[in-house]
Amino acid sequence: MPEHLHPPTIGTAPDPAVVVARTLDWYAGQARDLPWRRPDCSPWGVMVSEFMLQQTPVTRVLGPWQAWLDRWPTPAALAASPAGEAVRMWGRLGYPRRALRLHRAAQAIVDDHGGQVPADLEELRALPGVGDYTAAAVASFAHGRRAVVLDTNVRRVLSRVAAGEGQPPAHVRASERARAEAHLPRAAGRAARWAAASMELGALVCTARNPRCEACPLVDLCTWNLAGRPEETYRPRTQSYEGTDRQCRGAVLAVLRDAAGPVATTELRTAWPEHRAGGADQFERALTSLAADGLVTAIGAEHWALPGD
DNA sequence: AAGGCGTGGTC
DNA sequence: TGACCAAGCCT
């Protein structure tokens, strides 16, 4: 019996073609004017934005992104600067290893790709700091390629709309990828717009907390909404930040970032007052791990600095 | 394959 | 207020 003779049933996933069409219509009217979405933005500009946006909100990325591209408008420009300058320019965006990886990726682009950001998914995936999501995002947003762009927003939207689950699983599963593939339009241009639109819907409407279902173009066919938006019982346990090694690393790196030259270990230690839980051992541990990551370099026996290249 | 890795905003 | 969250990646 033809599919269209069956009326929609509660708990049945809606037609992907309808989901895509409605989301694209919504996006046409609601998309934010972000600088890396403008037609004149280079593939490099898109790639820089994707690195900065990893686990970091859009509002905090806007300023640093512009400053970064003003200073390093091409991969070659960044590759010609010392790695420490990339770490310094990264500022307080967080996860400073991303700055190091972006710098190494720029060098690889110069060395292996003629200075041009690759469009091929596998070539992108091979770059430092580029995982499945970022590779697909750059291929799609920078080059208009058809790719499965599966970030936390898209995962949440599809989990709710198609699976009736309020939150996606902790890690990407094959079933999610298959679901995303089933929603991906055939035409590359439409696929790229769907990627941006589904992410935007997750970011602005289908949010993790307090979703604005009344403003959602999919509200009447969303499996999760039709089921009464059941709450998830599972909550990943989040570690508090105060007093952690992460905070200690951040405090140490902040001193080096703001210093013109090498800083003595004794002075660096004042960035982590003894009254904190971890004490002196924690400081040594943080410094060692920062050096192991390549974020800091020893100068002689008693000084530290950002890496030279 | 869980857990480590920054920082700041929100409710 | 503290817990959660934000366009993940790497080991």
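As a basis for the values below, the full set of heavy atoms in this structure was taken, side chains included, without hydrogen atoms, waters or symmetry mates. Small disclaimer: the values here were computed from a predicted structure and weren't measured. Lettering follows sequence order; numbering is per chain, from 1.
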**Report entry** P atoms of B:dG4 and C:dA7, separation to the nearest Å
**Finding:** 23 Å
Query raised in the report: Is there a donor on the side chain of A:Arg60 or the base of B:dG8 sitting less than 3.5 Å from an acceptor on the other?
Result: no
**Report entry** Whichever of A:Arg156 and A:Val130 has its nearest DNA chain C nucleotide further upstream toward 5'
**Finding:** A:Arg156
Query raised in the report: Between C:dC9 and A:Thr134, is there an OP1 or OP2 to side-chain N/O distance shorter than 4.0 Å?
Result: yes
Query - Rounded distance (Å) that lies between atom P of B:dC5 and atom CG of A:Asp293 - result: 8 Å
Query - Among B:dG6, C:dA7, C:dC5, the nucleotide that comes nearest once only the side chain of A:Tyr241 is considered - result: B:dG6
Query raised in the report: So which nucleotide from B:dT7, C:dC5, C:dA7 ends up closest to the side chain of A:Arg32?
Result: C:dA7
Query raised in the report: Within the pair A:Arg97 and C:dC9, is there a side-chain N or O less than 4.0 Å away from OP1 or OP2?
Result: no
**Report entry** Selection from B:dC11, C:dG8, B:dG8 that lies nearest to any side-chain heavy atom of A:Arg92
**Finding:** B:dG8
Requested in this report: Compute the ring centroids of A:Trp44 and A:Trp72, then answer whether they are less than 6.0 Å apart.
Outcome: no
Query raised in the report: Counting only side-chain N and O atoms of A:Gln54, is one of them less than 4.0 Å from OP1 or OP2 of B:dC5?
Result: no
Report task. Would you indicate what A:Leu93 reaches in the nucleic acid, counting non-hydrogen atoms under 4.0 angstrom: base, sugar-phosphate, or nothing? Result -> base
Query raised in the report: Can you tell which of C:dG8, B:dT10, B:dC5 lies closest to the side chain of A:Thr152?
Result: C:dG8
